There are 2 protein chains.
Amino acid sequence: MDREKQLRDFLLKGDKTYMPRVSVDCVIFGFHEDQLKVLLLRWKDGRWCLPGGFVKWDESVDDSAVRTLQERTALNNIYLQQFHTFGAPDRERGKKLKGIPDSKKSWMHDRFVSIGYYALVEFSKVNPIPDWLSDACHWWDLHKVPALIYDHNEMVEKALEKLRLSLNDHPVGYNLLQEKFTMPELQRLYETILDKRLDRRNFQKKMLSLGILERLKERKTGGAHKAPFLYRFDKKKYERAMKQGLKLGF
Amino acid sequence: MDREKQLRDFLLKGDKTYMPRVSVDCVIFGFHEDQLKVLLLRWKDGRWCLPGGFVKWDESVDDSAVRTLQERTALNNIYLQQFHTFGAPDRERGKKLKGIPDSKKSWMHDRFVSIGYYALVEFSKVNPIPDWLSDACHWWDLHKVPALIYDHNEMVEKALEKLRLSLNDHPVGYNLLQEKFTMPELQRLYETILDKRLDRRNFQKKMLSLGILERLKERKTGGAHKAPFLYRFDKKKYERAMKQGLKLGF
DNA sequence: CCAAAAGTGTTGCCTTTACACCCATGT
DNA sequence: ACATGGGTGTAAAGGCAACACTTTTGG
C-alpha cells in the first residue's frame, strides 16, 4: 500500500527534511453563529488533536506555522500569533507511533517541544483539509472540544487566555469576520471571546472612537428587525492600531 | 588538559543528557543605581551572550530555565517568565564551535531553537558565576549592552518589551528591589522600565490603592533630604495580584 | 399594533491628571 | 537659611458606566 511506504519514509527519513525535537501546533479560531470554533484533526486511530507540523531545516519556526495553516485551511495571509512554548518532559510524539514497525528508530520517537500559535480566520472562507495522517478535519465549538492528545487541551486554554488578554490593547475582528459586518455582530464577537455581556451603546461608542471603522451606506437587510448598518475596517488604520497597541480595557 | 576532555565529552556525548535542537536563554534583569541591568556571559573567544542552557531529557523546559538561572546567580525562587521562542533558520549553535575537533559530529552542530525567558532578580543578592565555557559573567547597563552572539540582542529587546507590557496588568518590584524600599525607589524602578517620568504623587496613590504595600514604622535615613518611609510588599496580597491581574494602565 | 432589535444622546460617577503647600535634612 | 527631595491634599478634566427614548421591521 502506497500510504504505508509514505509513512515508513516519513518515519525513517523525515529528519532529512525536518528538525527533530521541535514541532509547531496551531489553535485556529473561527467565529460562526455566535460561537468561537476551533479547527481539529482526527487521527486514523480516532483521537483528536490540533493541526500541527514540523519545522523544515531551512525554514523559520514562524514560517512553519504559516505553512501548517496554509495546508489545513487553504488560506493565505492569516493572522498568526506565537503564544507559548510547551515543553513538559512527557511530550513524546513517539507515543503516537504505537504498533508501527521501526518506530523506535524514528526521529519522531522521543520527546518534542512544541511551539504554540493561534490563528484567527474567517470561518466561511475555510475549507478544512485533513493531513495525510488524519481522516477528518473540522470545526468544533470551543466549549465542546473533546479530549485531545498530549497537552493539546491545555494549549487551547492558553491560546484563548492570550487572545482575551490581547483584546485589552489590540482590536479584533478584521481576521474573524467577513469583510462587511454589523455592529451587533462585532459586539457578539467580543462578547463571545470575553465570555461576558457588554453594553450595546457603550460598545459602539468605544469601537467608533478607535477610528478604524468605516460605516457603509448599505444596511444589512433580511433580519427580523430594524436593519443595522454595515461596517468595514479601514485596513491601514486597523493595522496601525495593531502595531501601536491601544488602551481598550475590557 | 582537563577542561579539554570535559569539552570533548560534552560535544560528543552531551546528547545523552540533553535534548538536541532546543535551548533556553535567559534575560536576567536587575536594578541598581536607577539603572536596569542585564547579566551577560563572555565566551572564551571574547564574545558576549545571554546565559543559556540546554534541556535535560527528563526535565521540563521551565525547569531548565530555573536551573540555568540558579547556576548563574546562585539564587532560588526567582521570578521567571517565558516570553518568546526564537526559531530563525540560521540559529546555529555549531557556529560557536569553530576550530574544535569533531565538532561536525556533535549534537551541538546544526540549528537550535531557543526559548526565551526573562527573570527579575534582586541585584544585591546576585553573585554572578560564569559557566565552564565562559571566563566572565557580569552585569551590563541595559542601554550599554554590547553586540551579542546570534539574535541575543533581539532577545533582550523583546524581553524588555514584554516586561513593559506586563506592567499594565501586573505589579513589579517584589523581585527587583530589596525587601524594604522607599516609594521614590519604587517609582524610579517603574520610570526606568517604562523609560518615562511619572508624577510622584499620583504614582504613590496608584501604588497604595493596589493594597499590596505595607508601610513600616521606620524611615530610610542617611539620605541628603527628608527621610522617606520604608515599605515592604505584603507577599500574599502581592502574589494574589500577580495571579489575578490588575488594571494599572501605564 | 406589538415585540424585538437597532440608532442615538445624556447623566452622573469615578478615575486620572495636574498642581500647591508644607515638612524634614544635609550643606 | 536654603536647596532639595519627600509627604499629603484638592480641584478640574476626562473617561466610563448606567440608562431612556425613538426608529424600524416582521409578524
Side-chain angles (χ1 to χ4, degrees), chain A residues 33-34 167-171 173 177-178 180-192 194-232 241 244-250, chain B residues 33-35 167-171 173 177-178 180-192 194 196-232 241 244-250:
Chain A
E33 290 177 344
D34 293 349
L167 292 199
N168 285 315
D169 33 32
H170 295 280
L177 299 173
Q178 296 186 283
K180 298 174 182 179
F181 54 89
T182 69
M183 193 59 78
E185 279 166 1
L186 183 60
Q187 182 178 344
R188 232 68 59 63
L189 172 61
Y190 271 81
E191 289 181 333
T192 307
L194 293 166
D195 195 27
K196 73 176 174 192
R197 323 220 98 247
L198 301 170
D199 182 274
R200 192 163 55 88
R201 299 151 278 199
N202 295 334
F203 178 80
Q204 169 147 347
K205 262 177 287 183
K206 190 175 259 184
M207 282 301 134
L208 292 178
S209 76
L210 300 181
I212 57 177
L213 283 174
E214 183 188 352
R215 179 192 277 192
L216 304 179
K217 295 271 186 293
E218 335 160 47
R219 289 165 179 259
K220 170 127 179 172
T221 56
H225 305 289
K226 180 171 181 175
F229 283 105
L230 283 168
Y231 291 84
R232 157 169 74 197
Q244 294 181 350
L246 302 166
K247 221 168 152 179
L248 277 293
F250 279 103
Chain B
E33 290 176 345
D34 294 350
Q35 297 289 342
L167 292 199
N168 285 316
D169 34 30
H170 295 280
L177 299 173
Q178 295 187 283
K180 298 174 182 179
F181 54 89
T182 69
M183 193 59 77
E185 280 166 1
L186 183 60
Q187 182 178 345
R188 234 68 60 64
L189 173 60
Y190 270 82
E191 290 181 334
T192 306
L194 294 165
K196 72 176 174 191
R197 324 220 98 248
L198 301 170
D199 183 275
R200 192 163 57 88
R201 300 149 279 199
N202 295 334
F203 178 80
Q204 169 147 344
K205 262 178 287 182
K206 192 176 256 184
M207 282 300 134
L208 292 178
S209 76
L210 300 181
I212 58 177
L213 282 174
E214 184 188 351
R215 178 191 276 188
L216 305 178
K217 296 272 187 289
E218 334 161 49
R219 288 165 179 258
K220 170 126 180 173
T221 57
H225 305 288
K226 181 172 181 176
F229 283 104
L230 284 167
Y231 291 84
R232 159 168 73 197
Q244 293 182 352
L246 301 166
K247 221 168 153 178
L248 277 294
F250 280 104

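Numbers restart at 1 for each chain; the letters A, B, ... are given by sequence-line order, proteins then strands. Computed from a predicted model, the values in this text were never measured in an experiment.
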(message) Take a 6.0 Å sphere around CD of E214(A) and say whether it holds more than 12 heavy atoms from other residues, nucleotides or ligands.
(response) yes
(message) Can you confirm whether K206(B) is buried at NZ, in the sense that more than 12 heavy atoms of other residues, nucleotides or ligands lie under 6.0 Å from that atom?
(response) yes
(request) Provide the closest heavy-atom pair for L177(B) versus L186(B) in the form atom of the first, atom of the second, distance. (result) CD1-CD1, 3.7 Å
(message) Looking at every heavy atom in both G173(A) and L189(A), which two are closest together, and how far apart are they?
(response) CA-CD2, 3.8 Å
(message) Without decimals, in angstroms, what is the distance between E185(B) CD and dG6(D) C1'?
(response) 13 Å
(message) In whole Å, I'd like the distance from the CG atom of L210(A) to the P atom of dC16(D).
(response) 10 Å
Under the side-chain hydrogen bond (donor to acceptor under 3.5 Å, both in side chains) test, which residues partner [X], sequence neighbours left out?
X: R200(B); result: none
X: Q187(B); result: E191(B)
X: E33(B); result: none
X: R201(B); result: D199(B)

(request) Taking side chain to side chain contact (heavy atoms under 4.5 Å, CB included) as the test, write out the residues that go with Q204(B), two or more places apart. (result)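 If we apply the side chain to side chain contact (heavy atoms under 4.5 Å, CB included) test to Q204(B), skipping adjacent residues, the hits are M183(B), L208(B), R215(B), Y231(B).
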(message) My understanding is that only residues two or more places apart in sequence, or in another chain, count here; which of them pass side chain to side chain contact (heavy atoms under 4.5 Å, CB included) with K226(B)?
(response)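 Partners of K226(B) under the side chain to side chain contact (heavy atoms under 4.5 Å, CB included) test: R219(B).
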(message) With heavy atoms of chain B within less than 4.0 Å as the criterion, where does contact along DNA chain C begin and end?
(response) dT17(C) to dG26(C)
(request) Can you sort out the partners of Y190(A) under ring pair (Phe, Tyr, Trp, His ring centres under 6.0 Å), two or more places apart, ordered by chain and number? (result) F203(A), F250(A)
(message) Applying ring pair (Phe, Tyr, Trp, His ring centres under 6.0 Å), can you list everything that pairs with F229(A), at least two apart in sequence or on another chain?
(response)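 Result, ring pair (Phe, Tyr, Trp, His ring centres under 6.0 Å) vs F229(A): none returned.
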(message) Quick check on contacts: within residues 196-208 of chain A, what sits under 4.0 Å from DNA chain D by heavy-atom distance?
(response) D199(A), R200(A), R201(A), N202(A), K205(A)
Could you list all N or O pairs between the protein and nucleotides 24-27 of chain D that sit under 3.5 Å apart?
residue	atom	partner	partner atom	Å
dG26(D)	O4'	A224(A)	O	2.9

(message) Need the bend value for the helix from dC1(C)-dG27(D) to dT27(C)-dA1(D): angle between end axes, 5 pairs each end, nearest 10°.
(response) 0°
(message) Would you compute the distance between atom CG of L230(B) and atom OG1 of T221(B) and round it to the nearest 0.5 angstrom?
(response)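 Answer for the CG-OG1 pair, L230(B) versus T221(B), is 8.5 Å.
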